[in-house]
Structure formats: structure tokens, C-alpha cells
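Below, all heavy atoms of this structure are taken into account, side chains as well, without hydrogens, waters or symmetry copies.
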Amino acid sequence: DVHLMLEEIKSGIEQLQEIYAPKINMTFEQKSKLMIFISEDEEFEDFWYCYGYGRKLYKEFSEKELMRAWLHPELIEVTDE
């Protein structure tokens, strides 16, 4: 059945997304500040120096997670918090 096959393909794609391109949950403020650095063509190192390394606004994120958000802002999902 084609419908069943499409559901299996969709499920497989979703599993791959969870592994290789997981969503990054950020507040509106977190995403906004990140996007300002990206839009101004700044380097990630400058962003990391200003906001990273355990500073308050991004304390729950590792450097790897922030780098992923920097490289793939489409993965950012804005939360209400």
C-alpha cells in the first residue's frame, strides 16, 4: 500500500532529523540576539565571546549547540519562555 510506504518514509526522515538536525529551542530574545550577529556578518567567535561560555542568556547551551544554531538558524524553534 502506497500510503503505508509513505508513512514509513516520513517516519524514517523524522528519525534522521532528530539525530542529525535536532530542533534548538530558544526564547525570542535568544534567537534575536543570535540573528543580529549573523545578519551583521560577524564571526561566531565574536558572538561566543559576548554571549557564550556560560554567560546568562545562553547558559543552557553548549558551544556545539550554539554553533549548530549559528550555521543552521532554520533549526531554531522559538519557545514562549
Side-chain donor-acceptor distances from residues 31-47 under 3.5 Å, at least two apart:
{"unit_1": "S32", "atom_1": "OG", "unit_2": "F28", "atom_2": "O", "d": "2.8"}
{"unit_1": "S39", "atom_1": "OG", "unit_2": "M35", "atom_2": "O", "d": "3.1"}
{"unit_1": "S39", "atom_1": "OG", "unit_2": "I36", "atom_2": "O", "d": "3.0"}

Could you pull out every donor-acceptor pair under 3.5 Å between side chains of residues 63-71 and any protein atom, sequence neighbours left out?
{"unit_1": "E65", "atom_1": "OE1", "unit_2": "S62", "atom_2": "N", "d": "2.8"}
{"unit_1": "E65", "atom_1": "OE1", "unit_2": "S62", "atom_2": "OG", "d": "3.4"}

Extract all donor-acceptor atom pairs below 3.5 Å that involve side chains of residues 8-19 and protein atoms in other chains or at least two apart in sequence.
none

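With rounding to the nearest 0.5 Å, the separation of NZ in K23 from NE2 in H72 is 12.0 Å.
Here L4 is tied to no hydrophobic group at all, with no ILVMFWY side chain closer than 4.5 Å.
The shortest non-hydrogen separation linking T27 to V78 is C-CG1, 4.2 Å.
Under the 4.5 Å side-chain criterion, counting only non-hydrogen atoms from C-beta, Y51 is not in contact with Q30.
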